Amino acid sequence: MSALKPVGAADRQAILDGPRTSVVHRNWMSTLQCMNDVQVGGTASRDTLPASLSVVAWNVERCLFPTDTAARIAPFSPDIVLLSEVDCGMARTGQRHTTADVAAELGMAYAFGVEFFELGLGGATERDRCTDDFNADGWHGNAILSAAPMLRVEMLRLDDHGHWFVLGRDDVDPDQPRIGGRMALMAEIATENGPVCAVSTHLESNAKPDHRAEQFDLLMDRIYAFAPDMPVIIGGDLNTGNHVPPDFSWTHETLFKRAEARGYDWSLSPEGMTTQPSLITPHPARQMRLDWFATRGMTGQASEMIEANDPNGRPLSDHHAIWCRVQI
């Protein structure tokens, strides 16, 4: 779609007034059009990508500063950018469509899908940044940016039970109701050596490794249906190590070996912790390695972590970006 349909005031109030159960959540997920469509826009700068691809994946933590975010990765001349936690019509980011803004700065086409329809203004550090006392759209999601047009785009919902909506769960904030759940976007893009499948995803943080492994299994199943014979690159925040005390290490996750058994390679993921203190998350309890590339049918050439600070040292996100170069 060239535009997503906003949630009307009547539906928004009905969500706020109604019961917060899994059944109710699934009903809203199926009836709200914005939760089932993908927005495409922007302007690609060329017709086809080269056979050697520069790819960035970045959890931009709402994308507070779209212009500076684009400037931070522009020196890497990305052909594909895989973003998570991008806002659209949220008061905390000035009601901007942050994906569209970053794409315009980089001269890229984009696909944007809604992970959550947020009915509140966010946490305390987010409310401090709000320009209004309302969200114009209330959307928060994932995106794929490409320097060439995307030939096909598909969204995959990784859950619909209301992980962040149903009351009675220990990990639900009753003051921040949301419709939605973790998801992935998949796009087919033409290169000089044939089409490639690019995937932007964000796995669940408020869960244990078995849950994330199930989500990644579902993702690999859908990728096989979407692009069975194409080279694939998956990039995103996999939330590895969350809810695994005492060390909260990515090494406890089972999704890595399960993906390797199906032909995926993790070697293009840069070494080191990928999180840092930020304006929204100023005092994280721990640093973690959350952000990864998984590839299939590609040859890795280089990889690097991109520090998520602007030239003045201001943090742009609580996640560093990761970059790689691959040969199709």
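Keep in mind that this is a model prediction, so the values were computed, not measured.
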**Q** Are Leu255 and Tyr264 connected, step by step, through hydrophobic side chains (Ile, Leu, Val, Met, Phe, Trp, Tyr) whose heavy atoms are closer than 4.5 Å?
**A**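 Shared cluster, yes.
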**Q** Check for me, please, whether Met186 and Leu4 land in the same ILVMFWY cluster - side-chain distances under 4.5 Å, paths through other members count.
**A** no
**Q** For the residue pair Asp79 and Pro50, what are the closest heavy atoms and their distance?
**A** OD1-CD, 3.6 Å
**Q** Main chain of Ala184, side chain of His202: is a donor-acceptor contact present, judged purely on distance under 3.5 Å?
**A** no
**Q** For Trp28 together with Phe117, are the ring centres under 6.0 Å from each other?
**A** no
**Q** Please tabulate, for side-chain N and O atoms in residues 297-305, each donor-acceptor pair with protein atoms closer than 3.5 Å (sequence neighbours left out).
**A**
{"from": "Gln301", "atom 1": "OE1", "to": "Ser52", "atom 2": "OG", "distance (Å)": "2.9"}

**Q** Please check if the side chain of Asn36 supplies one atom and the backbone of Met29 the other of a donor-acceptor pair under 3.5 Å.
**A** yes
**Q** Verify, without hydrogens or angle tests, whether Thr93 (side chain) and Arg96 (backbone) share a donor-acceptor contact under 3.5 angstrom.
**A**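 Flag not set: sc Thr93 to bb Arg96 has no pair under 3.5 Å.
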**Q** Who pairs with Ala148 by side-chain contact (heavy atoms from CB on, under 4.5 Å), at least two apart in sequence or on another chain?
**A**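 Ala148 satisfies side-chain contact (heavy atoms from CB on, under 4.5 Å) with Leu49, Ser146, Ile189 only.
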**Q** Same cluster or not: Phe112 versus Met108, using hydrophobic residues (I, L, V, M, F, W, Y) connected whenever any side-chain heavy atoms lie under 4.5 Å apart?
**A** yes
**Q** Any non-hydrogen side-chain atom of Leu238 less than 4.5 Å from a side-chain atom of Thr201?
**A**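 Result yes, sub-4.5 Å side-chain heavy-atom pair found.
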**Q** If the threshold is 4.0 Å, N to carboxylate O, is there a salt bridge linking Glu307 and Arg72?
**A**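 Looking at Glu307 and Arg72, the cut-off is not met.
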**Q** Determine, for Tyr224 and Arg262, whether the Lys NZ or Arg CZ falls below 6.0 Å from the six-membered ring centre while staying within 45 degrees of the axis.
**A**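 No cation-pi geometry.
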**Q** So, for Arg92 and Glu126, which heavy atoms are closest and what is the spacing to 0.1 Å?
**A**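 So the two residues come closest at NH1-OE2, 3.1 Å.
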**Q** Is the side chain of Ser269 donor-acceptor paired with the backbone N or O of Phe293 at a distance under 3.5 Å, no angle test?
**A**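 Checking the backbone N and O of Phe293 against the side chain of Ser269, a donor-acceptor pair under 3.5 Å is found.
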**Q** Considering all heavy atoms of both residues, which atom of Glu253 and which atom of Asn239 are nearest to each other, and what is their separation?
**A**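 So the minimum-distance heavy-atom pair works out to OE2-O, 4.1 Å.
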**Q** What distance do Arg289 atom CZ and Thr274 atom OG1 have between them, rounded to the nearest 0.5 Å?
**A**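 One gets 8.0 Å once the value is rounded to the nearest 0.5 Å.
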**Q** Scan side-chain atoms only and decide if Asn135 and Glu118 contain a donor-acceptor pair under the 3.5 Å cut-off.
**A**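 No, no side-chain donor-acceptor pair sits under 3.5 Å.
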**Q** Taking all non-hydrogen atoms of both residues, which atom of Ser249 and which atom of Thr251 are closest, and how far apart?
**A** OG-OG1, 2.8 Å
**Q** Give a yes or no answer on whether the side chain of Arg212 reaches the backbone of Ala207 with a donor-acceptor pair at less than 3.5 Å.
**A** yes
**Q** Any side-chain to backbone donor/acceptor pair from Glu154 onto Val38? Under 3.5 Å, distance only.
**A** no
**Q** With no hydrogens and no angle check, is any side-chain donor or acceptor of Arg12 less than 3.5 Å from a backbone partner on Leu119?
**A**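 A pair under 3.5 Å: yes.
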**Q** Taking side chain as C-beta onward, heavy atoms only, is Lys208 less than 4.5 Å from Val244?
**A**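 Side chain of Lys208 against side chain of Val244, heavy atoms only: no contact under 4.5 Å found.
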**Q** Distance check, rounded to the nearest 0.5 Å: Met155 atom CE versus Ser200 atom OG?
**A**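 Going from CE on Met155 over to OG on Ser200, the span is 12.5 Å.
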**Q** Quick check for you: to the nearest 0.5 Å, what is the distance between Leu64 atom CG and Arg129 atom CZ?
**A**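 These two atoms lie 5.0 Å from each other.
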**Q** Let me see the working for Asp160 and Arg26 under salt bridge (charged side-chain N to carboxylate O under 4.0 Å, His left out), right down to the final yes or no.
**A** CA-CA 6 Å; Asp160 64 359; Arg26 288 190 172 100; 2.9 Å; yes
**Q** Give the C-alpha distance, both sets of side-chain angles, the deciding distance and a yes or no for salt bridge (charged side-chain N to carboxylate O under 4.0 Å, His left out) between Lys5 and Asp37.
**A** CA-CA 9 Å; Lys5 182 179 179 181; Asp37 290 337; over 6 Å; no
**Q** State the OG1-NE2 distance between Thr275 and His319, to the nearest 0.5 angstrom.
**A** 7.0 Å
**Q** As an exercise, state the distance from OG1 of Thr99 to CD of Gln39, rounded to the nearest 0.5 Å.
**A** 8.5 Å
**Q** Are the side chain of Glu188 and the backbone N or O of Cys197 linked by a donor-acceptor pair below 3.5 Å?
**A** no
**Q** May I ask you to check whether Phe76 and Trp58 place their ring centres under 6.0 Å from each other?
**A**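 Ring centres of Phe76 and Trp58 not closer than 6.0 Å.
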**Q** Can you name the nearest heavy-atom pair linking Pro6 to Trp139, along with the distance?
**A**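 That would be CA-CZ2, 3.6 Å.
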**Q** Please determine whether side-chain contact (heavy atoms from CB on, under 4.5 Å) holds for the pair His140 and Glu85, giving the CA-CA distance in whole Å, both sets of side-chain angles, and the decisive distance to 0.1 Å.
**A** CA-CA 6 Å; His140 181 68; Glu85 292 198 16; 3.5 Å; yes
**Q** Under the side-chain contact (heavy atoms from CB on, under 4.5 Å) rule, collect the residues that match up with Asn193, sequence neighbours excluded.
**A** Ala51, Thr191, Gln327, Ile328
**Q** Taking the ring of Tyr110 and the ring of His97, is the distance between their centroids below 6.0 Å?
**A**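 Yes.
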**Q** Tell me whether Arg127 contacts the main-chain N or O of Asp133 through its side chain, where contact means a donor paired with an acceptor under 3.5 Å.
**A**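 Not at all, since once roles are kept as given, no pair shorter than 3.5 Å links the two residues.
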**Q** Leu279 vs Glu61, test: side-chain contact (heavy atoms from CB on, under 4.5 Å). Steps then yes/no.
**A** CA-CA 10 Å; Leu279 299 180; Glu61 195 187 26; over 6 Å; no
**Q** Is the His163-His211 ring centre distance short of 6.0 angstrom?
**A**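 So the answer is yes for these two rings.
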**Q** Is Ile223 reachable from Val196 through a run of I, L, V, M, F, W or Y residues, each pair having side-chain heavy atoms under 4.5 Å apart?
**A**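 No, it is not one cluster - the side chains of Val196 and Ile223 are not joined through contacts under 4.5 Å.
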**Q** Heavy atoms only: give me the nearest Ala321-Val56 pair and the separation to one decimal.
**A**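 For Ala321 and Val56, the tightest heavy-atom pair comes out as CB-CG1, 4.2 Å.
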**Q** With side-chain contact (heavy atoms from CB on, under 4.5 Å) as the test, would you mind laying out the steps for Arg182 and Phe116 before giving the verdict?
**A** CA-CA 8 Å; Arg182 304 303 182 181; Phe116 294 109; 3.8 Å; yes
**Q** Please say yes or no: joined through hydrophobic side-chain contacts below 4.5 Å, possibly via intermediate residues, are Met288 and Leu316 part of one cluster?
**A**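 Different hydrophobic clusters.
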**Q** When you measure from the side chain of Thr98 to the backbone N and O of Asp87, does any donor-acceptor pair fall under 3.5 Å?
**A**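 The answer is yes, because a donor-acceptor pair under 3.5 Å joins these two groups.
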**Q** What do the steps show when you test Val86 against Val60 for side-chain contact (heavy atoms from CB on, under 4.5 Å), and what is the final call?
**A** CA-CA 7 Å; Val86 280; Val60 290; 3.6 Å; yes
**Q** Step by step, would you call Trp292 with Phe256 a ring pair (Phe, Tyr, Trp, His ring centres under 6.0 Å)?
**A** CA-CA 10 Å; Trp292 302 85; Phe256 295 108; 4.6 Å; yes
**Q** To the closest 0.5 Å, what do you measure between CG (Asp128) and CD1 (Ile280)?
**A**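 Spacing of CG (Asp128) from CD1 (Ile280) equals 10.5 Å.
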**Q** Any chance CG of Asp17 has more than 12 other-residue heavy atoms, nucleotides or ligands included, within less than 6.0 Å?
**A**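 It does: Asp17 CG has more than 12 such atoms within range.
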